[in-house]
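When reading the values below, keep in mind they use all heavy atoms of this one structure, side chains included, and skip hydrogens, waters and symmetry mates. Index from 1, following the sequence.
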Amino acid sequence: MRAIIVDDEQIMLRSLMRLSKGISNLNVIAQFENPEEALLFVQENAVELAFLDIKMPGMNGIELAVKIREICPSILIVFISAYDEYIRDSNLIGGDYYIVKPYKKETIEMMMQKMQILSKSLHKEIYIQMFGRFNVLKSGVPIALRGKAKEILALVATRCGKEISNEEIYSVIWEGREYSNVKMKVYYNALKRLKEILEAEGLSDLLLSTPRGQMLNTDIVECDYYAWKNHKVQEKDKFEGEFLSEYSWGEYILAEILSMG
C-alpha cells in the first residue's frame, strides 16, 4: 500500500519510517514536514494511505485530511497524535484510524491489518451505475442483463440494501396489471431468469431473497447513487441530471434527487 507521512517533527518522521520497515504491504513513498507539499504530491501521485500528524503549524492534520480527500476520496487516513482529544474530530471527517504517540511497531502492524481489510472493501469488484441508464459491471465489464430481469434488479437496487416486497416489485414494474397469485407467475419467472444470470456470472450473492421479497447485498458493491447519497462522489459518480432513464418509475426518485440539490 503506497503511503505518505506528514509530520512537522523530523524525529517523528524518522521514528515512523523506522517502525514501518518490514511491515507487509506498507510502502512509504514520501514524507513531508510541510502539509502544502504533501497536497501537491497527492495531486500528482497515486497514494493509498496517509499518516497525518494532527498538531502542525499553519494547516493542521484535520484540515489537511479534508483537502486530501477532495483530491482522492478513496485514500485511507490515519491520524497520529500525542493526544486523544482529537478522536472526535477525526471521526467527524471520516478518519480511518487513530494512533496515539508514543507507539510501537506492533501498533503499526495491527493498524495495517485493518487498513488492508478496509482497502479491499473500498475497491469492490461489482459496480452499479444508476445515474443515466442502469448497468451492472463486474471488473469493469457490463453484465448481460435485459428485459424485466434487469428492471427487477434496478428497482431492488434503489432501496439501498433494504427489503422490497415481491408484491411491490410486481405492482411497480407491471404497473396497471391486476395483482393475483396467478399473475405473479410472470414476476417469478423473470426473477428466476435474473438469479440464473447472476449465478452464471458468479454473483449469486448479489441478490438476497427473504420470505417476503428481495434485497441487494450492498456490502459487495460500489454504486454511483450510493456514493452520491453518502457525499463521497468521485469523478465517475457525478450526477448529470438523469437517473435510471429507461424506467418511468425512476422519475419519482429523480425528483427527490433534484429536490436535494
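- Judged purely by atom type and a 3.5 angstrom limit, N60 has no side-chain atom pairing as donor or acceptor with the backbone of M56.
- The closest side-chain heavy-atom distance from I68 to V47 is not below 4.5 Å.
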Mind listing the side-chain donor-acceptor pairs of residues 11-32 below 3.5 Å, one per line with the distance, residues two or more places apart or on another chain?
{"from": "S20", "atom 1": "OG", "to": "L16", "atom 2": "O", "distance (Å)": "3.0"}
{"from": "S20", "atom 1": "OG", "to": "M17", "atom 2": "O", "distance (Å)": "3.0"}
{"from": "N25", "atom 1": "OD1", "to": "M1", "atom 2": "N", "distance (Å)": "3.0"}

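- Between the side chain of K229 and the backbone N or O of D224, no donor-acceptor pair lies under 3.5 Å.
- In this structure, S171 contributes its side chain and E168 its backbone to a donor-acceptor pair below 3.5 Å.
- Without hydrogens or angle criteria, R2 side chain to L49 main chain gives no donor-acceptor distance under 3.5 Å.
- To the nearest 0.5 Å, the span separating CD on E9 from NZ on K55 amounts to 10.5 Å.
- The OH atom of Y187 lies 10.5 Å from the OH atom of Y179; values are rounded to the nearest 0.5 Å.
- At least one donor-acceptor pair closer than 3.5 Å links the side chain of E246 to the backbone N or O of F134.
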Could you please spell out the steps behind the side chain to side chain contact (heavy atoms under 4.5 Å, CB included) verdict for L194 and L207?
CA-CA 9 Å; L194 172 59; L207 184 68; 3.7 Å; yes
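- Both V6 and M59 are members of a single hydrophobic cluster when ILVMFWY side chains are connected at heavy-atom separations under 4.5 Å.
- The shortest distance between side-chain heavy atoms of M115 and Y97 falls below 4.5 Å.
- Between the OG1 atom of T158 and the CG atom of L244 there is a distance of 7.5 Å, given to the nearest 0.5 Å.
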With ring-ring contact (aromatic ring centres under 6.0 Å, His included) as the criterion, how do F79 and Y86 come out once you've worked through the C-alpha distance, each side chain's angles and the decisive distance to 0.1 Å?
CA-CA 9 Å; F79 289 109; Y86 299 103; 9.3 Å; no
I99/M111 under side chain to side chain contact (heavy atoms under 4.5 Å, CB included): CA gap, chis, key distance, verdict:
CA-CA 9 Å; I99 295 175; M111 177 274 304; 4.3 Å; yes
Donor-acceptor pairs are to be reported for all side-chain atoms of residues 135-146 against protein atoms at under 3.5 Å, with residues two or more places apart or in another chain.
{"from": "K138", "atom 1": "NZ", "to": "E201", "atom 2": "O", "distance (Å)": "2.5"}
{"from": "S139", "atom 1": "OG", "to": "E125", "atom 2": "OE2", "distance (Å)": "3.4"}

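- In terms of modelled atom types and a separation under 3.5 Å, the side chain of D96 and the main chain of I77 share a donor-acceptor contact.
- For the atom pair OH (Y170) and CD (E175), the distance works out to 12.0 Å, reported to the nearest 0.5 Å.
- Annotation: side chain of I54 is not in contact with side chain of Y83 (no heavy-atom distance under 4.5 Å).
- A salt bridge links D7 to K101: at least one charged side-chain nitrogen sits closer than 4.0 Å to a carboxylate oxygen.
- Proximity of E63 to V66: side-chain heavy atoms (C-beta onward) are nowhere separated by under 4.5 Å.
- By the 4.5 Å heavy-atom criterion applied to side chains, Y225 and C160 are counted as neighbours.
- Within 6.0 Å of the NZ atom in K162, the count of heavy atoms belonging to other residues, nucleotides or ligands does not exceed 12.
- Under the 4.5 Å side-chain criterion, counting only non-hydrogen atoms from C-beta, I169 is in contact with I152.
- Note on L254 and W249: same hydrophobic cluster, where clusters join Ile, Leu, Val, Met, Phe, Trp and Tyr whose side-chain heavy atoms are under 4.5 Å apart, directly or indirectly.
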Would R133 and Y247 count as a side chain to side chain contact (heavy atoms under 4.5 Å, CB included) if you check the C-alpha gap in whole Å, the side-chain angles of each, and the deciding distance to 0.1 Å?
CA-CA 9 Å; R133 298 180 67 83; Y247 304 126; over 6 Å; no
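- Both M110 and M112 sit in one connected hydrophobic cluster of ILVMFWY residues. Membership requires side-chain heavy atoms under 4.5 Å apart, directly or through other members.
- For A38 against I4, the heavy-atom pair with the smallest separation is CB-CD1, 4.5 Å.
- Looking only at side-chain heavy atoms (C-beta outward), V221 and Y226 come within less than 4.5 Å of each other.
- Looking at every heavy atom in both residues, A190 comes nearest to A149 through O-CB, 3.7 Å.
- In this structure, the separation between CG on L206 and CD1 on I220 is 5.0 Å, given to the nearest 0.5 Å.
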Residues 209-218, side-chain donor-acceptor partners within the protein, below 3.5 Å, at least two apart:
{"from": "S209", "atom 1": "OG", "to": "K195", "atom 2": "NZ", "distance (Å)": "2.5"}
{"from": "S209", "atom 1": "OG", "to": "Q214", "atom 2": "OE1", "distance (Å)": "2.6"}
{"from": "T210", "atom 1": "OG1", "to": "E163", "atom 2": "OE2", "distance (Å)": "2.4"}
{"from": "T210", "atom 1": "OG1", "to": "R212", "atom 2": "N", "distance (Å)": "3.3"}
{"from": "T210", "atom 1": "OG1", "to": "G213", "atom 2": "N", "distance (Å)": "2.8"}
{"from": "T210", "atom 1": "OG1", "to": "G213", "atom 2": "O", "distance (Å)": "3.2"}
{"from": "R212", "atom 1": "NH1", "to": "E163", "atom 2": "OE1", "distance (Å)": "2.8"}
{"from": "Q214", "atom 1": "NE2", "to": "N166", "atom 2": "OD1", "distance (Å)": "3.0"}
{"from": "N217", "atom 1": "OD1", "to": "D219", "atom 2": "N", "distance (Å)": "3.3"}
{"from": "N217", "atom 1": "ND2", "to": "D205", "atom 2": "O", "distance (Å)": "3.2"}

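- Other residues, nucleotides and ligands contribute over 12 non-hydrogen atoms within 6.0 Å of the CD atom of E196.
- Clustering ILVMFWY residues whenever any of their side-chain heavy atoms sit less than 4.5 angstrom apart, transitively, puts L39 in the very cluster that holds I93.
- Closest approach of D8 to E33, counting heavy atoms only: O-OE1, 3.7 Å.
- Scanning all heavy atoms of the two residues, the minimum distance from A50 to I75 falls at CB-CD1, 4.2 Å.
- Taking CZ of F243 as the reference point, atom CG of L258 lies at 11.0 Å (rounded to 0.5 Å).
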With side chain to side chain contact (heavy atoms under 4.5 Å, CB included) as the criterion, how do I80 and Y98 come out once you've worked through the C-alpha distance, each side chain's angles and the decisive distance to 0.1 Å?
CA-CA 6 Å; I80 301 176; Y98 195 101; over 6 Å; no
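- Between E151 and K148, at least one side-chain N (NZ, or NE/NH1/NH2) sits under 4.0 Å from a carboxylate O, which counts as a salt bridge.
- Y103 and F51 fall within the same hydrophobic cluster, defined by Ile, Leu, Val, Met, Phe, Trp and Tyr side-chain heavy atoms under 4.5 Å apart, directly or through other members.
- In this structure the side chain of V186 never reaches within 4.5 angstrom of the side chain of N189, judged on heavy atoms.
- Residue-environment remark: CD (E178) stays at or below the threshold of 12 foreign heavy atoms within 6.0 Å.
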